[in-house]
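Report on the following structure.
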Amino acid sequence: MLRGITNLGQWITWNPDTRQMDVGEGGSIVFDRERVGEISNHVYSGPDWLNAEGRFVSPGFVDSHTHPAFAATRELEFELRGQGKSYQEIAAAGGGIRNSVKTLREIPEARLSDLISERFNQFLDYGTTTLEAKSGYGLSLDAELKSLRAITSAAQQVPVSVQRTFLGAHEFPDEYRENRADYVRLLTEQMIPAVVEAGLAEYCDVFCEAGVYTPSETREIARAAQHSGLAVRLHADEFVSTGGAELAVELGALSADHLMAISDDGIQALAQSDVVATLLPGTTFFLGQNQWAPARRLLDAGAIIALATDFNPGSNMTLAMPFILTLAVIYLHLTPLEAWQAATFGGAKALGLSQETGSLQPGFQADCVIWNCDNYRQVPYFYAMNLVHSVVKSGQRVR
Ligand SMILES: [Zn+2]
């Protein structure tokens, strides 16, 4: 067990008193076993100390929106999109999520778990120490439970904190396309109770979007999940505004995610609530779109924002949070420090973990990244590069 990280260069952390990020210089982060003890002005020496040698140190990223439980990649669709086909056109021709459902239902659970643990290791490589992982490519009782069990066993293999989300309402499976109400009933009466009974998820998510789940279907599924003890998060207002953000507020969800098409009323609703606006600029980028979530208007209205990857094989094939910071600075017009705040404190808040991780406050998990650079602006500035020097998870060096 490390005693801490010493000889810091610049460091940053959320400050709950000022409700802003603090930027400090020098000293040490002293650990109390797996937690942060204090940030001290002293520099220590000895084999139990990790020496940052003057490098920039941050909290580990909290990636609050990922879809790592997939069986096969979809690079052919990537090529088609490059040739001008839209995500929706590809989905209508049997690609998209339906393509992933086919392969997920076939893959053996142990193989799926191995793939997910490889991906969890890659998250750590890029400085993510806590992540949310969704099911949602099974869309049947057996395949959704398989996905969540595979996520659970993969999480036990890798030193990263994983929070699990049941996303049986990611799409309608082909066999229920003509009788949607029956699938909603399967979700609420069988799948959610089975997931809770097996202790396989902390949250339930619904893809509330035109052509996917209507607001009233979303409400019914989310209420059933809350009744069973799961917290709710929503895919909301991604391509078309259907009132998803307002519905997230009505439901008391932890987070409303995407929001590229959020309405003015949706912005006001989020701003007056505790629901985190989770922005996923990697998806806008990877889909080749130019409709970016209105991050500045959300911030100016007073909403709390998070940044996450939306790592998934269709609409965003990266798990690198540093690149998400770059996109947030260029296209969402966040300052680098606002982007860091959203990717650490904001992500933790979106997971209901803002008293646990995402910050270097005393008592928080000792989750830190040492960077091969001098200051926080350089991480988004050196884009599409990996500047991670070391990763510490719960007080142990894991990279
Ligand atoms: Zn998603």
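All ligand and atom numbering here is 1-based and tracks the order in the structure. The basis for the numbers below is simple: all heavy atoms, side chains too, and nothing from hydrogens, waters or symmetry mates.
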I'd like to check the side-chain hydrogen bond (donor to acceptor under 3.5 Å, both in side chains) partners of Asp237; sequence neighbours left out, ordered by chain and number. none
Using the rule side-chain contact (heavy atoms from CB on, under 4.5 Å), only one of His65, Arg164, His170 pairs with Lys134; which is it?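 The residue from His65, Arg164, His170 that satisfies side-chain contact (heavy atoms from CB on, under 4.5 Å) with Lys134 turns out to be His65.
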Are Asn121 and Arg399 close enough that a side-chain donor and a side-chain acceptor fall under 3.5 Å?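 Judged by distance alone, the side chains do pair up.
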Does the structure place the NZ or CZ of Arg185 under 6.0 Å from the centre of the six-membered ring of Tyr176, at an angle of no more than 45° from the ring's axis?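 No; the conditions do not both hold, so Arg185 does not lie above the ring face of Tyr176.
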Would you list the protein N, O or S atoms within less than 2.8 Å of the Zn ion (ligand 1), leaving out water?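 For the Zn ion (ligand 1), the protein N, O and S atoms that sit under 2.8 Å away are His65 NE2, His67 NE2, His235 NE2, Asp310 OD1.
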What do you reckon, are the aromatic ring centroids of Phe207 and Phe172 less than 6.0 Å apart?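 They do not qualify: ring centres at least 6.0 Å apart.
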Give a yes or no on whether Arg105 atom CZ has more than 12 heavy-atom contacts from other residues, nucleotides or ligands under 6.0 Å away.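 Enclosed.
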